[in-house]
Number of protein chains: 2
Amino acid sequence: MTNVNLKHLAKELNLAVSTVSRALRDSYDIGEETKRKVMALAKKLNYEPNPYASSLRKQKSRTIAVIIPEIANNFFSLAINGIEEIAQEKGYHVLIYITHEDYNKELSIMRYLQNGRVDGVLMSVSSNTDDIEHIINLKQRNVPIVFFDRICENVETAKITTDDYESGFKATEHLIQQGCTNIAYLCISKHLSIGNKRMHGYLDAIKKYKLRSPQTNIVFGSNNHEENYNKVKKLLSAKNRPDGIFASVEKLALTAYHAAHELDIHIPKQLKIISFANLETAPLLKPSLTTITQPAFEIGKRAAMTLFRSLDKKNAPIINETIILNATLIPRESTRK
Amino acid sequence: MTNVNLKHLAKELNLAVSTVSRALRDSYDIGEETKRKVMALAKKLNYEPNPYASSLRKQKSRTIAVIIPEIANNFFSLAINGIEEIAQEKGYHVLIYITHEDYNKELSIMRYLQNGRVDGVLMSVSSNTDDIEHIINLKQRNVPIVFFDRICENVETAKITTDDYESGFKATEHLIQQGCTNIAYLCISKHLSIGNKRMHGYLDAIKKYKLRSPQTNIVFGSNNHEENYNKVKKLLSAKNRPDGIFASVEKLALTAYHAAHELDIHIPKQLKIISFANLETAPLLKPSLTTITQPAFEIGKRAAMTLFRSLDKKNAPIINETIILNATLIPRESTRK
DNA sequence: CTGTTAGCGCTTTCAG
DNA sequence: CTGAAAGCGCTAACAG
């Protein structure tokens, strides 16, 4: 870190450090002549202010954190893309943290953030987070939080989500219209808002169309892939096994695929699958999967914009509101044209 | 930022700030009794040191930057996953920057990093980066850089790559073994190391099997999707159009798919495609694409480990070495079993 | 318009 | 074993 700093510039120009500092930003207050000289030298020496000194002084880091459960998943990648774009526009830096669906990791990550490291947090909670103390804690330390996708209902802050209930309803309806009469629902965790909302949509569609849905048709998965696989396999091995599956996340759709394949159940003839999924490659590579695609990039952007709105204005509080963006159902037929 | 800091703790305990500071880390030097008291209060008040004050003082940020051209791409998502895992293990924070294949963005990002914001950088260069001054610049400011995947040959530092030449050779050979005699190669940029190495593998395979390959069979794409699409369409519209395509990146494979589809060329009957791709969902969703899959997660981990090796030991210089990991060819047949 | 001064919160000599 | 004091690089209040 052998680096040029304000002191260097000041000495070289026979000016006070503060003058140089102001010339470099304030502007209105410093003579044109001086400003030009300072700017010139700064450019010449490739001066870049030390961010941490400035953060320490201003108590603002111009940095936000993004906390997500996983990243090798198109939804979150796209969301980050949107977040990063807005952040770059606003001159903010983005720290990324992956919880790997681990509540304890989420906890310790949020501890790190509580002392000024970031000005705000964008997060999608881990699937086994049912306690919200750590989140409230951070909020109380004046770190604004915006949830996206996997929200916490009972934290008062901005939330950007998809129309999960409606999408769940439509997904189920879609399967029914395809002739399914025995539809199962797969989701990752009882704790997740998205899973529950989608489930309610599913249940209401079942009800509306007067289908029966045995309790066993709802599978709650976990972090453990093996376990999920066995549960789904069991589901598909039953005498009256489902002829349609609505998976609340892509990963479970794939689990179902694998299981069906092993059990020699033909997709989509004997089993139709619909799933929330953000396969960028979808139009070409998923001939047999109907997807419900979330506007991930947009969600990321909106989440970031919402956060920055409160950061830009001097600590304007984040409004406790939910912005709901619509997902799109992309039937597999259309993928073949 | 109403926050508890060392001064608070010190006052509360009737100790000097320095004593508290040391009790919280140094340990050997402070009385057991005092230490316990300090620790207890720190825990109770949920004390978390201000990272920027400490960074400023120690001239170390415990933060690294990851600079990548894009993120909505499985390769980079997986790599980040690996990077983040190692970083978390080491107690480092990860800043993420996306260049969107834009040289100018890459430039300005690296400017931000030159004054202590990060202790090191992991990067995959943008496709239109042919000038390396900004990289050298950063290196000279004592910010170690490790390249992964898209490396810069002529910067002396550690590089983690895939066996691009061999994979290019094998990919081409694979198409030849499938009966292709007129194979085209698609890549994104003349500047990229990976594209060039893969191309050499391709050319050597063509040579070895004594196929002819008209110059027109090599397509250099760009950032512009439309443009790429037209180039590929033109390629596939020629009288003696190729019967095999080796795409150096997933995106171009998809472009080829689209073009073939529009021109009513059947895949894989009339045109076989092989491509570098990291489709996590591959086993199920890509019935017609043979892929060469890079160990992305591993690459990320190795890159991070290499960087941390030099950060952990007091500024041990990064060795100018290239670590080459092997990609795996996954034929489409095996996806159907 | 410019300089002086006093910190931001932490670490680290240097003294006791 | 503990305290006092200096200073990382920057900003901002206060003087001139």
Side-chain angles (χ1 to χ4, degrees), chain A residues 1-39 41-42 45-63 112 114-119 141-142 314, chain B residues 1-39 42 45-63 112-119 141-142 314:
Chain A
M1 249 169 257
T2 352
N3 240 321
V4 39
N5 57 20
L6 284 186
K7 224 200 274 185
H8 288 239
L9 298 185
K11 200 184 294 176
E12 190 119 348
L13 293 165
N14 265 325
L15 286 170
V17 183
S18 57
T19 310
V20 179
S21 172
R22 270 170 297 192
L24 254 25
R25 300 162 286 88
D26 269 348
S27 295
Y28 79 97
D29 209 33
I30 297 288
E32 280 305 319
E33 180 59 22
T34 328
K35 254 191 279 177
R36 237 179 312 107
K37 266 199 229 153
V38 173
M39 298 287 202
L41 188 66
L45 297 184
N46 208 359
Y47 168 76
E48 191 70 21
N50 181 314
Y52 297 140
S54 151
S55 289
L56 178 58
R57 181 64 233 250
K58 298 206 288 196
Q59 302 289 59
K60 285 266 154 280
S61 62
R62 284 200 92 72
T63 302
Y112 296 145
Q114 95 189 200
N115 214 319
R117 189 179 293 274
V118 296
D119 295 341
R141 301 250 184 172
N142 294 317
K314 308 204 144 232
Chain B
M1 246 168 257
T2 355
N3 241 320
V4 40
N5 56 21
L6 284 186
K7 223 199 277 185
H8 288 238
L9 298 185
K11 200 184 295 175
E12 190 119 349
L13 292 165
N14 265 324
L15 284 171
V17 183
S18 55
T19 310
V20 178
S21 172
R22 269 170 298 193
L24 255 23
R25 301 161 285 89
D26 268 349
S27 295
Y28 78 97
D29 208 35
I30 298 287
E32 280 306 319
E33 181 59 20
T34 327
K35 254 191 281 179
R36 238 180 310 106
K37 267 199 228 153
V38 173
M39 298 287 202
L45 297 184
N46 209 359
Y47 167 75
E48 191 69 23
N50 180 314
Y52 297 141
S54 150
S55 289
L56 179 58
R57 181 64 234 251
K58 297 205 288 197
Q59 302 289 58
K60 285 264 155 279
S61 61
R62 285 200 91 74
T63 302
Y112 297 145
L113 303 181
Q114 93 187 204
N115 214 320
R117 189 179 292 274
V118 295
D119 295 342
R141 301 251 184 171
N142 292 318
K314 310 207 144 229

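A, B, ... follow the sequence lines: proteins, then strands. Residue 1 opens every chain.
Rounded to an integer number of Å, the gap from A/Arg57 CZ to C/dC10 P is 16 Å. Across the protein-nucleic acid pair, A/Lys58 atom NZ and C/dG7 atom C1' stand 16 Å apart, rounded to whole Å. Atoms NZ (A/Lys35) and C1' (C/dT2) sit 13 Å apart, rounded to a whole Å. C/dT12 atom P lies 12 Å from atom NZ of B/Lys60, rounded to whole Å. Between B/Leu13 atom CG and D/dG3 atom P there is a gap of 10 Å when expressed in whole angstrom units. Taking atom CD of A/Gln59 as the reference point, atom P of D/dC10 lies 17 Å away to the nearest angstrom. A straight line from CG of A/Asn115 to P of C/dC8 spans 14 Å, rounded to a whole angstrom. Here D/dA12 presents its P atom at 10 Å from CZ of A/Arg22, a figure rounded to the nearest Å.
Taking for each of B/Glu32 and A/Lys7 the nucleotide of DNA chain D with the nearest heavy atom, the 5'-most of the two is the partner of B/Glu32. Where B/Ala16 and B/Leu56 each meet DNA chain D at their nearest nucleotide, the meeting point lying more 5' is that of B/Ala16.
For A/Thr19, taking side-chain heavy atoms from C-beta onward, the closest of the listed nucleotides C/dG3, D/dT11, C/dT12 is C/dG3. In this structure, of D/dC10, D/dG3, D/dA13, it is D/dC10 that holds the atom nearest to the side chain of A/Pro49. For A/Leu15, taking side-chain heavy atoms from C-beta onward, the closest of the listed nucleotides D/dG9, C/dG9, C/dG3 is C/dG3.
Backbone-only contact: B/Ser54 has heavy atoms under 4.0 Å from sugar-phosphate atoms and none from a base. As judged by a 4.0 angstrom heavy-atom cut-off over every strand, B/Thr34 is placed among residues touching the sugar-phosphate backbone only.
Side chain of B/Ser21 to backbone of B/Val17: no donor-acceptor contact under 3.5 angstrom is found. With hydrogens and angles disregarded, a donor-acceptor distance shorter than 3.5 Å links the side chain of B/Arg22 to the backbone of B/Ser18. Formation of a donor-acceptor pair under 3.5 Å by the B/Ser61 side chain with backbone atoms of B/Arg117 is found in this model.
The side-chain contact (heavy atoms from CB on, under 4.5 Å) test with A/Leu41 singles out one residue from A/Val4, A/Leu9, A/Val20, and that residue is A/Leu9. Checking each of B/Lys37, B/Glu33, B/Glu32 against B/Lys35 for a side-chain contact (heavy atoms from CB on, under 4.5 Å) leaves exactly one that passes, namely B/Glu32.
The phosphate of D/dG9 (OP1 or OP2) has no side-chain N or O of A/Asn50 nearer than 4.0 angstrom. Of the side-chain N and O atoms in A/Tyr47, none sit less than 4.0 angstrom from OP1 or OP2 of D/dG9. For D/dT11, the OP1/OP2 oxygens have a side-chain nitrogen or oxygen of A/Ser21 closer than 4.0 Å.
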